[in-house]
Protein chains: 2
Amino acid sequence: MKVTPKSVRKEILTNIRKSLLELGSSTIVELSDRLGISFPTISKCFAQMEKAGELILVGLDDSNGGRRAKRYAYNPEYMLGLAIFLERTETHYIVYNCLGDVKNTGKTDGVLVEDDLTSLTKLMEKIVDQHPTIRSIAIGVPGSVDNGKIFYIPGYEQFHNLDLKGYFEQHFSIPVVVENDMNAAVLGFHKNSGLKNNTSLVYLYSGQNGPGAGFLINGDVVRGSTFFAGEVSFVPQYNDRNFRQALENDRDSMTATFSTDAQIDAICRLIATITAIINPHTIIFCSDEIEKTTLKKISIGSSKYIPSKHLPNLTISDWKQDYLYGLQSLGITLMLMEPN
Amino acid sequence: MKVTPKSVRKEILTNIRKSLLELGSSTIVELSDRLGISFPTISKCFAQMEKAGELILVGLDDSNGGRRAKRYAYNPEYMLGLAIFLERTETHYIVYNCLGDVKNTGKTDGVLVEDDLTSLTKLMEKIVDQHPTIRSIAIGVPGSVDNGKIFYIPGYEQFHNLDLKGYFEQHFSIPVVVENDMNAAVLGFHKNSGLKNNTSLVYLYSGQNGPGAGFLINGDVVRGSTFFAGEVSFVPQYNDRNFRQALENDRDSMTATFSTDAQIDAICRLIATITAIINPHTIIFCSDEIEKTTLKKISIGSSKYIPSKHLPNLTISDWKQDYLYGLQSLGITLMLMEPN
DNA sequence: AAAACTTATTAAAGAGGTTTAATAAGTGTT
DNA sequence: AACACTTATTAAACCTCTTTAATAAGTTTT
């Protein structure tokens with residue numbers, strides 16, 4: 001909505017950074033064509049960025065009939081990001097650069113069981129001190145988040161309505177983003193998949209509070225009017241059972257994965273339901289919760305309910321990895337928006 | 001993504017128009033504050049627009065200590081829009097101004113049963129001739145649309161893969177937008193409701209091809225990866241019935257409205273399902289398909305499946321009116337983006 | 001090896017925004 | 001009624017991006 005020279009300048013810089021990282025390296029004219037921005041502008045930005053050390057001259061292109069063009073690459077070490085995710089018993093963090101290379105990693109006890117943020121703040125202070133070029137912080141939490149504020153986090157009521165983003169931005173003077181774990185995971189998978197920006201994805205998982213899902217629709221995370229979106233355990237599926245009940249009723253206590261025919265039918269029905277409503281491109285299962293053979297059965301079973309040409313791709317992915325990648329990706333986006 | 005001086009200028013003009021229409025009237029400084037654009041820029045635009053007749057000086061504000069400010073209003077007659085929607089047996093159109101006032105209205109036979117666009121084109125030519133200030137055309141069709149192209153339109157296969165937008169933009173040199181009927185309706189309801197831009201809405205209807213739904217999620221229309229989104233008749237609901245079967249099995253052939261207990265339970269389950277997945281703000285029913293008393297029953301019945309604080313508002317609305325309003329709103333958005 | 005041609009970069013002029021100063025048009029006080 | 005004070009508008013200086021011209025640095029042809 002807002003358009004001012006300042007916002008334009010900021011967006012140009014962000015776009016330059018993004019493109020350079022995507023392309024790996026580029027010449028002035030290449031970027032100018034790609035972004036639709038005149039080459040003198042790119043040239044001026046490059047000069048500034050090179051002086052600041054944000055850009056590296058990697059060499060000259062081969063000539064194609066005239067003067068050889070200088071080729072520049074983004075210096076991935078110029079800024080670092082911190083991603084940290086909070087679980088009940090453990091707190092993991094990684095420090096990474098713009099390319100996603102991990103520079104440092106660690107874990108400690110869970111901080112969610114504590115009364116306040118003291119020990120989390122101390123941990124973060126230590127990390128930020130060790131890496132003074134950290135320029136963004138991404139925090140993942142197992143709860144509903146609205147614009148950096150923890151809205152609802154079952155089991156840790158002391159953090160309800162806590163403005164985590166505001167608190168740490170104040171404290172560190174570094175931009176902060178906070179996101180729900182599933183939303184981060186689905187975002188991470190999306191970024192990793194290389195799918196178009198406006199696709200829809202669903203991440204299914206079975207948390208300790210029953211099964212749930214993270215939705216990405218048209219490239220946006222869906223939160224819902226009361227932050228209830230994704231609570232698929234409530235979906236009525238049979239005459240007298242909802243999704244959760246259908247899974248539990250037939251729970252094989254020996255194994256954590258779903259495999260009985262009844263469980264598979266419940267999942268098929270859920271997939272049919274989701275398809276009939278939002279028709280996503282892909283549905284993702286957690287690798288530790290389902291077997292490849294089961295996936296095939298689900299794929300076949302779903303077509304009982306929906307013409308198979310409309311059914312989504314079914315994929316298995318590593319949840320924790322996607323989660324971290326999602327946080328990284330949020331943090332990188334934030335970094336690249338920083339003014340010079 | 002793209003930022004250039006041209007796009008900036010265009011967006012400034014669009015924002016000025018939008019704000020003037022929303023506010024009814026404004027002074028230069030008021031708009032400058034609202035849009036975050038310097039007042040000399042607004043001043044220059046105003047001068048140009050007034051000269052073109054797009055703006056009207058409505059008088060001077062009362063002084064509050066200094067020179068009295070000139071107050072301007074948008075001239076709603078400066079540009080007109082044409083909204084036209086195609087149904088099997090009838091084609092309706094309205095001509096309206098930026099405020100949504102209807103200037104002209106009419107209907108003829110259905111054009112979808114014909115082999116090509118000849119008669120539709122002729123109709124539109126007549127209308128455009130009568131109203132030479134028409135600056136946008138919005139067309140509603142009962143089929144899937146992707147960027148102005150008819151993707152899938154059951155029953156009228158001769159129009160499959162027809163680029164309606166491209167065809168008429170070429171023909172009339174006026175910007176054209178094409179949208180699916182349900183999507184237009186849900187959009188129209190949204191605009192009319194005054195709800196925030198990022199809310200989620202669902203429009204339920206029972207078409208001749210079985211029940212369906214239009215989804216607006218985070219303010220965006222949901223089409224789905226194979227344009228199958230909203231086909232809720234396929235949702236499995238009971239041991240051996242999906243939503244459509246549940247409705248039909250108990251169809252009271254005497255009346256078109258849903259009222260039996262079994263039908264109501266099916267609808268309750270659908271609402272529970274939709275809530276558990278996307279948790280929308282409101283679900284809208286068509287006024288000719290449901291009674292107010294039934295709605296109350298549905299509201300109560302749904303809370304069997306989902307905690308009632310998460311359930312959406314249930315509303316009844318006039319489908320055709322919302323449809324038209326949605327087309328109008330699309331057309332107005334298009335007009336306001338036109339360069340000077 | 002010099003002339004003709006290509007392409008990249010730098011320099012200068014132009015366009016459209018912002019900021020700041022100057023002017024116009026009021027109100028209120030003594 | 002003259003003066004101080006407010007607020008709206010106009011004018012001028014400035015900043016940033018674009019467009020276009022000039023220059024630098026190669027390649028190819030003769």
Query raised in the report: Please give, in whole Å, the distance from D/dT18 P to B/Arg9 CZ?
Result: 16 Å

Requested in this report: Only counting residues at least two apart or in another chain, list the ones meeting salt bridge (charged side-chain N to carboxylate O under 4.0 Å, His left out) with A/Lys103.
Outcome: A/Glu77

Query raised in the report: Of the residues in residues 15-35 of chain B, which ones touch DNA chain D at a heavy-atom distance under 4.0 Å?
Result: B/Ile28

Requested in this report: Using modelled atom types only, decide if a donor and an acceptor are shared between the side chain of A/Ser136 and the backbone of A/Pro175 within a distance under 3.5 Å.
Outcome: no

Report task. In whole angstrom, give the distance that lies between atom CD1 of A/Ile37 and atom C1' of D/dT18. Result -> 11 Å

Requested in this report: Answer yes or no: is there a donor N or O on one side and an acceptor on the other, between the side chain of B/Thr27 and the main chain of B/Ala69, under 3.5 Å?
Outcome: no

Query raised in the report: Are the side chain of B/Thr14 and the backbone of B/Lys10 linked by a donor-acceptor contact shorter than 3.5 Å?
Result: yes

Query - Any A/Thr41 side-chain nitrogen or oxygen under 4.0 Å from OP1 or OP2 of D/dC17 - result: no

Query raised in the report: Is the A/Phe46 ring parallel, tilted or perpendicular to the A/Tyr72 ring (thresholds 30°, 60°)?
Result: perpendicular

Query raised in the report: Partners of B/Lys191 by salt bridge (charged side-chain N to carboxylate O under 4.0 Å, His left out), sequence neighbours excluded?
Result: none

**Report entry** Given DNA chain D, 5'-ward residue of the pair B/Ser43 and A/Ile12, judged by closest heavy atom
**Finding:** B/Ser43

Query - Which residue lies more 5' along DNA chain C, comparing A/Lys6 with B/Pro5 via nearest heavy atoms - result: B/Pro5

**Report entry** Of residues 55-73 of chain A, the positions that come close to DNA chain C - non-hydrogen atoms, cut-off under 4.0 Å
**Finding:** A/Asn64, A/Gly65, A/Gly66, A/Arg67, A/Arg68, A/Ala69, A/Lys70

Query raised in the report: Using a cut-off of 4.0 Å on non-hydrogen atoms, how would the nucleic acid contact of B/Ser38 be classed: base, sugar-phosphate, or nothing?
Result: base

Query raised in the report: If you walk 5' to 3' along DNA chain C, what is the first nucleotide with an atom under 4.0 Å of a heavy atom in chain B, and what is the last?
Result: C/dG17 to C/dT27

Query raised in the report: Would a distance-only check, ignoring hydrogens and angles, find a side-chain to backbone donor-acceptor pair under 3.5 Å from A/Asn218 to B/Val221?
Result: yes

Query raised in the report: Between A/Arg17 and A/Glu54, is the closest basic N to carboxylate O distance under 4.0 Å?
Result: yes

Query raised in the report: Looking only at atom types and distance, does a side-chain atom of A/His190 sit under 3.5 Å from a main-chain N or O of A/Lys196, one as donor and one as acceptor?
Result: yes

Query raised in the report: What side chain to side chain donor-acceptor pair (under 3.5 Å) pairs are there with at least one residue in residues 34-46 of chain A, not counting sequence neighbours?
Result: A/Ser19-A/Arg34, A/Glu22-A/Arg34, A/Ser38-A/Thr41

Query raised in the report: Any donor and acceptor pair, going by atom type alone, linking the side chain of A/Arg68 with main-chain N or O of A/Asp61 inside 3.5 Å?
Result: yes

